[in-house]
There are 2 protein chains.
Amino acid sequence: MSNFLGSHAINMDAKGRLAIPAKVREELAQLCGGRIVLTANADEERCLLLYPEPEWEELRPKIEALPNMNKAARRLQRLLLGNAAQMELDSAGRILVPPTLRAHAQLEKKLMLIGLGKKLELWSEERWLAWLDESSDDEDMPPEMEALSL
Amino acid sequence: MSNFLGSHAINMDAKGRLAIPAKVREELAQLCGGRIVLTANADEERCLLLYPEPEWEELRPKIEALPNMNKAARRLQRLLLGNAAQMELDSAGRILVPPTLRAHAQLEKKLMLIGLGKKLELWSEERWLAWLDESSDDEDMPPEMEALSL
DNA sequence: GTGTGCACAAGTGGGAAAAAGTGGTTTCTA
DNA sequence: TAGAAACCACTTTTTCCCACTTGTGCACAC
């Protein structure tokens, strides 16, 4: 079972290639032989989602099955399905990010790769730092969260 | 069961390594063989949290299970999971703090390690001292706290 | 009772080997 | 023909290990 954790600062080269950090690469190798799916994020944060292929294949039917008379559901489908790119790590452990996705998340040279358990998120460093600085609004916190004791 | 107490002033060297105080090191050794998880703190105080691995493994599923269509929950996940680094004390009882975490808590040379029962907190000395000086606002105290008699 | 010194443990720093990341060139394919 | 994939070589970073310095506690002597 996948269990990505931690954040890594990585660079994208002029060709749009980015080297997956060795630790993550290892995990991807034994989890899915380096076969991954990269797609856009659905919520307001403009970042990319990186799934190991098996994890994606579990998620995809659920997205397809959403009742798409609903506007929010249509949005989710268009973003996640419509942007999904299947790819494989090259011999040096790098991936080539498609231009459309690069544009979507406004990726330039400096990026952040964030492990979130079953998936990873890919942010432009600038946006990530800006997001970190945003103040959290404690309002609508789910009850499970209020009960947490860290 | 872990029971860290007390504060220790410690130094980080130029490579980002920091020596865990011998007393804490002992406790960590018999508790988890020196296997720990270091991550960012979720609230506004920019410090790091240090969990013995078993303690973390108890907490992690609860965080992963939060409903992440909720914004506050996503924030917590990105901070805690997205910054978590699993590591082991080296042969000299030191840990290497990853650059991203170093930056997050603005750690420089002088640090404070604070024992808080099941976990430890790691602060830059400067921030720790500044925090001590801050006045607390006694407003919204949870009822369990109001009932305390110190 | 106080001070000095010795010994061991803790903490610090640096260097060498290995691994990871980077960039360019060539080949292939659409 | 342009863009992507594979290949290869170089540079940088990381990790591991060893040696040195500092601090602390205990014992013994004065």
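None of the values given here were measured: they were computed from a predicted structure. Naming convention: chains lettered A, B, ... in sequence-line order (proteins, then strands); numbering from 1 in each chain.
Atom P of nucleotide dT13(D) and atom CG of Leu96(B) are separated by 14 Å, given to the nearest angstrom. With rounding to whole Å, Leu89(A) atom CG is found 11 Å from dA6(D) atom P.
Hydrophobic side-chain contacts under 4.5 Å tie Leu50(B) into a cluster, directly or through other members, with Phe4(B), Ile10(B), Met12(B), Leu18(B), Ile20(B), Val24(B), Leu28(B), Leu31(B), Ile36(B), Leu38(B), Leu48(B), Met87(B), Leu89(B), Ile95(B), Val97(B), Leu101(B), Leu107(B), Leu111(B), Leu113(B), Leu120(B), Leu122(B). Taking Ile, Leu, Val, Met, Phe, Trp and Tyr as hydrophobic and joining them when side-chain heavy atoms fall under 4.5 Å apart, one finds Leu5(B) isolated, its cluster having no other members.
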ask   = With the sugar-phosphate defined as primed atoms, P, OP1 and OP2, and the base as all remaining atoms, what B/S/- string results for nucleotides 17-26 of chain C, 5' to 3', for protein heavy atoms under 4.0 Å?
value = ---SSBBBB-

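Listed by chain and number, the residues in a salt bridge (charged side-chain N to carboxylate O under 4.0 Å, His left out) with Arg78(A) amount to none (sequence neighbours excluded). Residues satisfying the salt bridge (charged side-chain N to carboxylate O under 4.0 Å, His left out) criterion with Glu57(A), sequence neighbours excluded, are Arg60(A).
Both Ser91(B) and Pro99(B) lie close to DNA chain D; mapped to their nearest nucleotides by heavy-atom distance, the more 5′-ward contact belongs to Pro99(B).
The ring pair (Phe, Tyr, Trp, His ring centres under 6.0 Å) analysis of residues 63-117 of chain A, with sequence neighbours excluded, yields no pairs.
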